[in-house]
Amino acid sequence: MTSIALLARVCLVVLFPLSGIDKIVHWRAAMKQATSAPIGGARFMLIAAIAVELSTPVCIVGDWHAAMAALILATFCLVTALLFHPFWRFPGFWSGANPEGTAHFWDFLKNLGLAGGLLLVVVTSTGAAPRSGAPHAAASLSQTTVTTGWIMHHTP
């Protein structure tokens with residue numbers, strides 16, 4: 001992974017571990033928000049959110065099953081947007097007449113943008129866990145194919 005790709009991944013996921021830690025430190029406030037969801041299971045949702053926010057960024061930045069981790073985190077962002085930022089329930093959210101609705105609108109779009117960035121990690125990832133000191137599986141396969149083809153065409 002290039003330095004730019006690593007920096008991009010760090011920038012993309014830096015907020016999630018901080019959010020997970022914030023949920024632990026401010027458990028009661030996080031539980032209050034979780035109970036505002038239109039579905040039950042607030043305690044389970046909160047524990048799952050913390051686990052996702054603390055683990056998937058490490059996998060994405062460390063390039064260890066990054067595609068799967070990014071897919072999980074993208075799904076998390078979309079579900080969070082739909083459950084906790086229902087801007088459409090606030091009349092006048094776009095006109096500025098309802099500041100709470102406007103805030104939900106921008107948070108919804110932020111989550112949508114994060115999901116998009118994470119889906120880019122999914123489609124650009126090799127899909128394999130790299131071995132220590134070895135190239136990714138896709139690069140190894142490509143190199144083997146080229147080498148095998150060369151050997152087959154250039155053997156005496």
Side-chain angles (χ1 to χ4, degrees), residues 1-39 41-88 90 93-94 96 99-147:
M1 177 177 353
T2 68
S3 298
I4 296 293
L6 179 61
L7 178 62
R9 287 184 182 198
V10 169
C11 290
L12 183 61
V13 301
V14 70
L15 73 98
F16 294 103
L18 298 173
S19 177
I21 292 167
D22 183 67
K23 285 174 177 62
I24 294 168
V25 172
H26 301 107
W27 178 264
R28 288 180 191 204
M31 183 60 76
K32 183 178 178 184
Q33 182 184 20
T35 57
S36 73
I39 60 174
R43 185 176 182 81
F44 171 78
M45 282 194 316
L46 185 53
I47 292 169
I50 292 167
V52 166
E53 288 182 317
L54 293 179
S55 64
T56 56
V58 174
C59 295
I60 292 166
V61 171
D63 204 22
W64 186 73
H65 299 286
M68 180 60 69
L71 185 60
I72 290 167
L73 197 51
T75 302
F76 172 81
C77 287
L78 293 173
V79 169
T80 301
L82 292 169
L83 290 179
F84 297 105
H85 302 296
F87 66 90
W88 54 89
F90 297 87
F93 74 88
W94 187 247
E100 186 179 1
T102 303
H104 280 296
F105 175 72
W106 293 118
D107 285 342
F108 183 92
L109 289 181
K110 172 202 53 121
N111 281 26
L112 193 64
L114 284 167
L118 290 160
L119 290 174
L120 283 173
V121 172
V122 172
V123 299
T124 60
S125 204
T126 62
R131 294 172 302 206
S132 178
H136 290 295
S140 296
L141 177 62
S142 175
Q143 184 178 10
T144 303
T145 304
V146 170
T147 304

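- Distance CZ/F108 to CZ/F87: 5.0 Å, rounded to 0.5 Å.
- Listed by first and then second residue, the salt bridge (Lys or Arg N to Asp or Glu O under 4.0 Å) pairs involving residues 69-78 amount to none (not counting sequence neighbours).
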Go through D63 and S125 one step at a time and tell me if the side chain to side chain contact (heavy atoms under 4.5 Å, CB included) criterion holds.
CA-CA 8 Å; D63 204 22; S125 204; 4.1 Å; yes
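- C77 and L114 make their closest contact through SG-CB, 4.0 Å (heavy atoms, listed as atom of the first residue, atom of the second, distance).
- With sequence neighbours excluded, no residue forms a side-chain contact (heavy atoms from CB on, under 4.5 Å) with A51.
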Under 3.5 Å, side-chain donor or acceptor atoms of residues 117-124 against the rest of the protein: list the pairs with distances, not counting sequence neighbours.
{"residue": "T124", "atom": "OG1", "partner": "L120", "partner atom": "O", "Å": "2.7"}

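- Partners of D107 under the side-chain hydrogen bond (donor to acceptor under 3.5 Å, both in side chains) rule, at least two apart in sequence or in another chain, do not exist in this structure.
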Give the intermediate values and the outcome of side chain to side chain contact (heavy atoms under 4.5 Å, CB included) for residues W64 and V58.
CA-CA 8 Å; W64 186 73; V58 174; over 6 Å; no
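- One finds the CG atom of L71 at 14.0 Å from the CZ atom of F76 (value rounded to the nearest 0.5 Å).
- In this structure, the ring-ring contact (aromatic ring centres under 6.0 Å, His included) partners of W94, at least two apart in sequence or on a different chain, are F105.
- For the atom pair OG of S55 and CG of L73, the computed distance is 8.5 Å after rounding to the nearest 0.5 Å.
- Around NZ of K32, the count of heavy atoms belonging to other residues, nucleotides or ligands within 6.0 Å does not exceed 12.
- With hydrogens and angles ignored, the 3.5 Å screen pairs no side-chain donor or acceptor of T56 with any backbone N or O of A69.
- Residues in residues 67-78 take part in no salt bridge (Lys or Arg N to Asp or Glu O under 4.0 Å) pair, two or more places apart or across chains.
- Here M68 pairs with I72 under the side-chain contact (heavy atoms from CB on, under 4.5 Å) rule; sequence neighbours left out.
- Without hydrogens or angle criteria, R9 side chain to I60 main chain gives a donor-acceptor distance under 3.5 Å.
- Here F90 pairs with H104 under the ring-ring contact (aromatic ring centres under 6.0 Å, His included) rule; sequence neighbours left out.
- Scored by the ring-ring contact (aromatic ring centres under 6.0 Å, His included) test, W106 finds no partners at all (sequence neighbours excluded).
- At least one side-chain heavy atom of I50 sits under 4.5 Å from a side-chain heavy atom of W27.
- Residues in residues 68-80 take part in no side chain to side chain donor-acceptor pair (under 3.5 Å) pair, two or more places apart or across chains.
- Not counting sequence neighbours, A103 has no partner by the side-chain contact (heavy atoms from CB on, under 4.5 Å) test.
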Tell me which donor-acceptor pairs under 3.5 Å the side chains of residues 12-21 have, and how far apart each pair is, sequence neighbours excluded?
{"residue": "S19", "atom": "OG", "partner": "K23", "partner atom": "NZ", "Å": "2.8"}
{"residue": "S19", "atom": "OG", "partner": "E53", "partner atom": "OE1", "Å": "3.4"}
{"residue": "S19", "atom": "OG", "partner": "E53", "partner atom": "OE2", "Å": "2.9"}

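- Of the inter-residue distances, the one linking Q33 atom CD with M45 atom CE reads 9.5 Å to the nearest 0.5 angstrom.
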